[in-house]
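One structure below.
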There are 4 protein chains.
Amino acid sequence: MSGSVKKKAVAKPLAVADVSRKPQQGRSLASLKRMIAAARELMLELGNEDFTLAEVSERGQVSIGSIYLRFESKDNLVRGVIAEELDALAKEETELVQRLKDDSTNLANFMYEYVEGYAEVLRKHAPLLRLTMERAEYDPLVATPGKQHALRAEKDATDAMLAHTDEFGGDDPADNKIKAQSSYHVIFSTLARRLSLGSSGETVHAYDWQRMKRELARMCVAYLRSD
Amino acid sequence: MSGSVKKKAVAKPLAVADVSRKPQQGRSLASLKRMIAAARELMLELGNEDFTLAEVSERGQVSIGSIYLRFESKDNLVRGVIAEELDALAKEETELVQRLKDDSTNLANFMYEYVEGYAEVLRKHAPLLRLTMERAEYDPLVATPGKQHALRAEKDATDAMLAHTDEFGGDDPADNKIKAQSSYHVIFSTLARRLSLGSSGETVHAYDWQRMKRELARMCVAYLRSD
Amino acid sequence: MSGSVKKKAVAKPLAVADVSRKPQQGRSLASLKRMIAAARELMLELGNEDFTLAEVSERGQVSIGSIYLRFESKDNLVRGVIAEELDALAKEETELVQRLKDDSTNLANFMYEYVEGYAEVLRKHAPLLRLTMERAEYDPLVATPGKQHALRAEKDATDAMLAHTDEFGGDDPADNKIKAQSSYHVIFSTLARRLSLGSSGETVHAYDWQRMKRELARMCVAYLRSD
Amino acid sequence: MSGSVKKKAVAKPLAVADVSRKPQQGRSLASLKRMIAAARELMLELGNEDFTLAEVSERGQVSIGSIYLRFESKDNLVRGVIAEELDALAKEETELVQRLKDDSTNLANFMYEYVEGYAEVLRKHAPLLRLTMERAEYDPLVATPGKQHALRAEKDATDAMLAHTDEFGGDDPADNKIKAQSSYHVIFSTLARRLSLGSSGETVHAYDWQRMKRELARMCVAYLRSD
DNA sequence: TATGAATGAGTATTCATTCAT
DNA sequence: GATGAATGAATACTCATTCAT
């Protein structure tokens, strides 16, 4: 399978319905959900592509033929699972920022709440997000929508930070934007690594999760206020 | 191959000589180097395991039998390549910190130099580091020495930062240590993600590499001085 | 599919209506014609069995279910197409011989006209005739009616030749019959091979079609007159 | 399998050693022979491609991997079997014509002996020749060498006939050549059809084999002498 | 009648590992 | 020690046929 995707140009879109073959209803829809759920479980247990369609067939109680009725290939089934996950993640990210925009009154408060909230959102989706990133490395059909998702998430977060520009240290608007972006990247990167989204090698420090979230917010606040 | 390792317990050590079968000399040593070099190239070109031993045999001008004479399995050959890389990386990390310890006089100066230097060290090793982290996810024989490596790197870096405690914001020694650790993690995580060590999805921002290094240092200095 | 027929005894009849399931009328008849036409096209484009019922369904605008309503199996659909072709061919052969019987006055004239006419009839039906012969090789349900068709064609042709017995070389009636039969076989075999009904390997000689027809007639006339 | 060859351009040569992977010796050679023999038997029993490599493996007592060690694909294995057959056939055709050239003194004698001898040569190779022609229809790698073989066979035969030009009817050298070629084609086509090389539909006449050979020769002699 | 979604058996090919030489 | 030929398990995908609606 990998051979047919890795290192080769592919030209198909993503997004739940794009990789699936037709709008589903009733029994068909149930069967579609079962095969996606089964594939999702197997991906988490064995790795992105290290499961067989026979396993999906058995676990999801769908025939192999049915899978090919909905998805053009095993690759597209994997992309379908990923697309679903990205959709759900995007929804939660947006909701988080919306909620905090209304609730938070000052920069420090926002940052603490944001780091806390975003950390939990990422944690919830961490396992599949790992697989998504791993696959994005060689599958453009996952990489492209992944980038768009990331850009939008960055924009939402920095916009919300910039609502508190009055508390920022300098008064150069361009520098403010840079600071907000840097903060977002530092937050995402650090949480992601800690959640093993990139690797697990150095994950198991004594340094704990709660403390990390607190220090991340603290660092960003100090940074944004500086100069 | 993957099936035999992924998600399954394995019980073999790592570190260049541990995965290889015997102390090598002369012609044997040259042949060992060729097979490792060939495997390394193929891993970078095709992915961690997406190469065949036949390819290693051809490119490295060693017989397949020879490979099995040095390595118990293809898995161990991959681990051998990784072990070599981690050794080289550790050496450079240590040298960097040693050099800066002697040269830098104040905290800000140290942090800017450290981020700059570490970024380049990581950049140099990024491609194979990616493969290492990817594999660590499912191969304990890579994950375990990887953790130890990471812990030592963290200790070296935080010790160097703590040499400038007098410039730190608070005066609680415990908090100082936390700040140093947090700084190290933020630096490593952010550089790593940017180098695509974890994923490539969000890599392609306009946000550039030079700026990122500067802001990272700036952020850490602000953070360490705060309180 | 092949596996279920090739080299295995089958027990179903042939002849347009025998493989189809029921006398058709109106809309049903139109649908039956569409599926046969679609199957015919696909057989010519892809080979005897190298098309799928899904393709027939799409091209002929008939549901797969409809096909099974008319034909017991894909094999029978193929046989239906072949049966239709053999019917049409038989009609033309008969017409040709009838016409020549009335028109030709001497042996040479008849032979030249017959070879010319028969060559064109065969040429017209060559593509599907190829498929028929190919399939007859392993499908008794095509071979049996095919033999009957061939026997009748032989009888028609030899009877017509024997109408000119007075011009034959010998005067042994038994030998005359043998000569006529041999002539028919030589004509059919040579035309058929040239039309690639049997193979295409040696087809592409410079030796051309018009000349071949002429020489065939010349040869037969010389043969029939000899002794 | 068919899909990968039929209707697609291919660009590989033929001839026993061209489809096989390396000059064989000893044990390897024995194994190569066993797999070709097994494939040959299965092709004759089931059809050109209607056998599985598992069957070849079992019957020939060779592992599937071994087959792929010698042949790039199942297609090439089939071509290997065919190549061997064409070689053997060519050898016998040449020997036959050589022998008759020396022995026969007059045209009639040559033609009777040639038809008799060629009929037996073709009969001996008929089953595999059928498969060859069938495959040539869609596989250029079989068609191309097949055409060359046919052209050479035609040349050998017509040259031998032309050694008796003095007995020919007309005295136009060009016409003599045409007559010789026509005779060869009629002989080959008629024998081939009778041997079911093209089809079997009309094969089972009462008209028998011995008589056919005699009449064929008789017809050609009458034709060559005519004018 | 008519439909077309669901089924699942069947198969070429790859490649890590072994072992006779 | 070295070699590389031999092994055979493992797996995505197709498509004739059925049958619930």
Side-chain angles (χ1 to χ4, degrees), chain A residues 1-4 21-22 24 26-28 31-32 49-58 62-75 77, chain B residues 1-4 22 27-28 31 49-58 62-75 77, chain C residues 1-4 22 27-28 31 49-58 62-75 77, chain D residues 1-4 21-22 24 26-28 31-32 49-58 62-75 77:
Chain A
M1 173 181 181
S2 46
S4 62
R21 262 171 167 157
K22 46 194 87 174
Q24 301 299 334
R27 206 188 358 269
S28 288
S31 149
L32 176 63
E49 328 188 325
D50 303 329
F51 64 93
T52 66
L53 289 186
E55 289 170 316
V56 175
S57 166
E58 190 184 22
V62 285
S63 70
I64 291 184
S66 288
I67 301 175
Y68 278 89
L69 225 47
R70 307 298 164 213
F71 297 94
E72 197 184 337
S73 62
K74 184 184 172 185
D75 280 321
L77 171 58
Chain B
M1 174 183 179
S2 46
S4 63
K22 44 197 81 176
R27 207 205 322 277
S28 288
S31 147
E49 329 187 322
D50 303 331
F51 63 93
T52 68
L53 289 186
E55 288 170 316
V56 175
S57 165
E58 189 186 21
V62 285
S63 71
I64 292 183
S66 289
I67 300 174
Y68 276 88
L69 231 43
R70 305 298 166 212
F71 297 94
E72 194 186 330
S73 62
K74 183 185 173 185
D75 280 321
L77 171 58
Chain C
M1 175 180 180
S2 47
S4 64
K22 44 197 82 179
R27 206 201 327 274
S28 288
S31 147
E49 329 188 323
D50 303 330
F51 64 92
T52 68
L53 289 188
E55 289 170 316
V56 175
S57 164
E58 190 186 21
V62 285
S63 71
I64 292 184
S66 288
I67 301 175
Y68 276 88
L69 232 42
R70 306 297 166 213
F71 297 94
E72 194 185 329
S73 63
K74 184 185 173 185
D75 280 321
L77 170 59
Chain D
M1 174 182 181
S2 45
S4 63
R21 262 169 168 156
K22 46 193 88 172
Q24 300 301 332
R27 203 184 5 265
S28 287
S31 148
L32 175 63
E49 328 187 326
D50 303 329
F51 63 92
T52 67
L53 290 186
E55 288 170 316
V56 175
S57 166
E58 190 184 21
V62 285
S63 69
I64 290 184
S66 288
I67 301 175
Y68 277 89
L69 224 47
R70 306 299 165 214
F71 297 93
E72 197 184 338
S73 61
K74 184 185 172 184
D75 279 322
L77 171 57

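All figures in this text were calculated on a predicted structure; none of them were measured in a lab. Chain naming here is simple, since letters A, B, ... match the order of the sequence lines and numbering starts at 1 in each.
Each of dT17(E), dA2(E), dT17(F) was ranked by its minimum atom distance to the side chain of Ser73(C); first place goes to dT17(F). When each of dG8(E), dG4(F), dA6(F) is scored by its nearest atom to the side-chain atoms of Ser28(D), the top-ranked nucleotide is dA6(F). With dA16(E), dA12(F), dA2(F) as the choices, the nucleotide that has an atom nearest any side-chain atom of Tyr68(A) turns out to be dA12(F).
As rounded to whole Å, 10 Å separates atom C1' of dA12(E) from atom CG of Asp75(D). Remark: P of dA12(E) and CD1 of Ile64(D) are 8 Å apart, rounded to the nearest angstrom. With rounding to whole Å, Arg70(D) atom CZ is found 17 Å from dT13(E) atom P. Here the C1' atom of nucleotide dA12(F) and the CG atom of Asp50(A) are 14 Å apart, to the nearest Å. In this structure, the CG atom of Leu77(D) is 16 Å from the P atom of dT11(E), given to the nearest Å. Straight-line distance from the CZ atom of Phe51(D) to the C1' atom of dA12(E): 11 Å, rounded to whole Å. The separation between Glu55(D) atom CD and dT11(E) atom P is 8 Å, rounded to whole Å. For the pair Ile67(D) CD1 and dT11(E) P, the interatomic distance rounds to 14 Å; values are reported in whole Å.
Applying the side chain to side chain donor-acceptor pair (under 3.5 Å) rule to Ser66(D) yields the partners Ser63(D); only residues at least two apart in sequence or on another chain are considered.
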| task | I would like to know whether Arg70(B) and Ser28(B) meet side-chain hydrogen bond (donor to acceptor under 3.5 Å, both in side chains); could you show each step before the answer? | result | CA-CA 9 Å; Arg70(B) 305 298 166 212; Ser28(B) 288; 3.2 Å; yes

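Contact annotation for Thr52(C): backbone-only contact, meaning every heavy-atom pair under 4.0 Å involves sugar-phosphate atoms and none involves a base. Among the atoms of the strands shown, only primed sugar atoms or phosphate atoms (P, OP1, OP2) are found under 4.0 Å from some heavy atom of Leu53(A).
Both Ser66(A) and Ser57(C) lie close to DNA chain E; mapped to their nearest nucleotides by heavy-atom distance, the more 5′-ward contact belongs to Ser57(C). Sequence order on DNA chain E of the closest nucleotides to Gly65(B) and Gly65(C) puts Gly65(C) first from the 5' end. Each of Val62(D) and Ala54(A) was assigned the nucleotide of DNA chain F with the nearest heavy atom; the assignment lying further toward the 5' end belongs to Val62(D).
Going from atom CD of Glu58(B) over to atom OG1 of Thr52(B) covers 9.0 Å, rounded to the nearest 0.5 Å.
Between Ile67(B) and Ser57(B) the shortest heavy-atom distance is CD1-N, 4.3 Å. Minimum interatomic distance between Phe51(C) and Lys74(C) (heavy atoms only, all atoms of both residues): O-NZ, 2.5 Å.
Residues Leu77(B) and Leu53(B) form a side-chain contact, since some pair of their non-hydrogen atoms from C-beta on lies under 4.5 Å apart.
With the 3.5 Å cutoff on both pairing distances, Watson-Crick and G-U pairs in DNA chain E assemble into runs of at least 3 at E:2-21 with F:2-21.
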